Amino acid sequence: MDLWNRYGVIIVSQSNEFRAAVTPVFEKGTRFVVIGAAHHGNEALSCILTGKPDLVIIDLDMPDSEGLIALQLIMSHYPIPVMMLSSHTPEGAVQTIQAMRIGATDYFHTQLLAQESYAGVMTDYFLERCKMAVHNGIQRVYESAIPVDGNKEAAISEALLDKQDTFQRRMDIEFNLRKAIDQQEFHLVYQPVVDIVTKRIVGLESLIRWHSAVLGHVSPSDFIPIAEESGLIHQIGEWVLREACRQNRVWQEAGLPKMFVAVNLSRRQFMDRGLYAMIKTILAETGLQPQYLELEITESLSMGVKLVADTLNQLKMLGIRVAMDDFGTGYSSLSYLKDFPIDKLKIDQSFIKGLKIKQVNAAIVNTVITMARNLNLLVVAEGVETEEELQVLQECGCRFVQGYYFSPPVQAKQIEDILHQEICVI
């Protein structure tokens, strides 16, 4: 069998039923192939030595902690990614926490693979988790995980319980994230960008929010990294772009002032060769003119200057504007101005905090504004919260600001109310 483009898997279990249930799952995928089976730890070591697998599946339900013993033997001799499966041991149980402590890469509930009504979805989800396990590799290995005296519960410290809580939270977020779009659990909020000369809104930054039916409110700082790692960011990012463009067009058709809406693009989105076509399609579908869409990039795009530059140049040809977010927070900020077709710099809020009393911050902000002016770039100061910060920015010649001093991120209806009030003042 040609294993050149496939991941080899070894299954460790004393149960014929377990092997019979798990093996067909990998046969349904195109990236995995089962290359061996073992009944215990020592036999697993022999299979690993001869077969050199990419992933080991261990049955955590084996009696006498044989699953944990097999895991510890593997981690002690040939540490590779290991997925623990169980039908009887819940995620927060002592054995599961022990497995994470020893070095298991992931955990999955066996019964989820056997639910007929969700078989296809759960199989795909499980195989994706296996791919992640292989790609992420071994994160950490703990020694002496199984106490000699057999008192397993005594070995589980509060710190390990905290780690398990974090692990379980990550699993819950990823699982529910896959259903969030279909269940319409996402929504956008918008934070105004204000011209401090006219005191009027000139644009809006769109920000995603998620209220899960199962988990409640989940912070973007929690779910965005997981979306990036799992690849879900492509689907979520497309939804954000379409919704932001759609909403902006709705405001325009309602007779409200025309202005740009800004959308953040992630590193993974730029790795998608179909980004340009996708954005072009969204603009056509929503009827929004390109000049009213602004894309925000950050230094996380440093994975490939040529790829990013080519993509940005294509988007610029459509008439879309490009802003560099969080400017000044990384080592590549200045080189970006040379390599990428940037229209605007957004000064990171870390330089705005305490601007009145921190001379270094004021000097940096003043330098950035002067440099941007010489390069014919617009500048927006992020995170403005006080009158004192606004005053210093005015003195430095910064015209556009964004922050809680004017407005926090708010719902679309509140933006409509604010814009209607501006119209009434004219």
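Predicted model only: the values in this text are computed from it and were never measured.
Using a 4.5 Å cut-off on side-chain heavy atoms (C-beta onward), Q235 and I181 make contact. Side-chain contact check for L207 versus Y190: every heavy-atom pair is 4.5 Å or farther apart. Counting heavy atoms from C-beta on, the side chains of M278 and L241 come closer than 4.5 Å. Side-chain atoms of I102 and L68, non-hydrogen and from C-beta on, do get closer than 4.5 Å to each other. Residues V82 and M75 form a side-chain contact, since some pair of their non-hydrogen atoms from C-beta on lies under 4.5 Å apart.
In summary, the side chains of S221 and S219 do present a donor paired with an acceptor at a separation below 3.5 Å, with no hydrogens or angles considered. If you check the side chains of Q402 and E382, you find no donor sitting under 3.5 Å from an acceptor. Between the side chains of S86 and D61, a donor-acceptor pair is found at a separation under 3.5 Å.
Evaluation of the salt bridge (Lys or Arg N to Asp or Glu O under 4.0 Å) rule for E389 yields no partner, not counting sequence neighbours. Residues satisfying the side chain to side chain contact (heavy atoms under 4.5 Å, CB included) criterion with A244, sequence neighbours excluded, are L188, S206, V261, V263. Partners of H211 according to the side chain to side chain contact (heavy atoms under 4.5 Å, CB included) rule, which considers only residues two or more places apart in sequence or in another chain, are H217. Take L375 and apply the side chain to side chain contact (heavy atoms under 4.5 Å, CB included) test, not counting sequence neighbours, and it matches L337, M371, L377. The ring pair (Phe, Tyr, Trp, His ring centres under 6.0 Å) check on F108 picks up Y125, F126, with sequence neighbours excluded. With sequence neighbours excluded, no residue forms a side chain to side chain contact (heavy atoms under 4.5 Å, CB included) with K52. For E228, there are no salt bridge (Lys or Arg N to Asp or Glu O under 4.0 Å) partners, not counting sequence neighbours. Scanning for salt bridge (Lys or Arg N to Asp or Glu O under 4.0 Å) contacts around D343 gives K316, with sequence neighbours left out.
Partner of I74 under the side-chain contact (heavy atoms from CB on, under 4.5 Å) criterion, chosen from I10, I48, I69: I48.
Between Y292 and W251, a ring centre-to-centre spacing not shorter than 6.0 Å is recorded.
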Contacts table for residues 404-412: side-chain donor-acceptor under 3.5 angstrom, sequence neighbours left out:
unit_1 : atom_1 : unit_2 : atom_2 : d
Y405   : OH     : E387   : OE1    : 2.3

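For residues 227-246, every residue pair satisfying the ring pair (Phe, Tyr, Trp, His ring centres under 6.0 Å) rule, not counting sequence neighbours, is listed here: F186-W239. Applying the salt bridge (Lys or Arg N to Asp or Glu O under 4.0 Å) test to pairs two or more places apart or on separate chains, those with a residue in residues 273-295 are R242-E285, E294-R321, E294-K344. Sorted by first and then second residue, the pairs that involve residues 174-186 and meet salt bridge (Lys or Arg N to Asp or Glu O under 4.0 Å), not counting sequence neighbours, are E128-R178, R170-E174, E174-R178.
A salt bridge does not link D272 to R268: none of the charged side-chain nitrogens sits closer than 4.0 Å to a carboxylate oxygen. Taking 4.0 Å as the cut-off between side-chain N and carboxylate O, E416 and K413 do not count as a salt-bridged pair.
Counting all heavy atoms, side chain and backbone alike, P341 lies closest to V322 at O-CB, 3.8 Å. The nearest pair of heavy atoms linking P220 to P225 is O-CD, 3.7 Å.
Not one N or O on the side chain of N176 forms a donor-acceptor pair closer than 3.5 Å with the backbone of S212.
Heavy atoms of other residues, nucleotides or ligands lying less than 6.0 angstrom from CD of E253 number more than 12.
By the 30° and 60° cut-offs, the orientation of the rings of F32 relative to Y7 is tilted.
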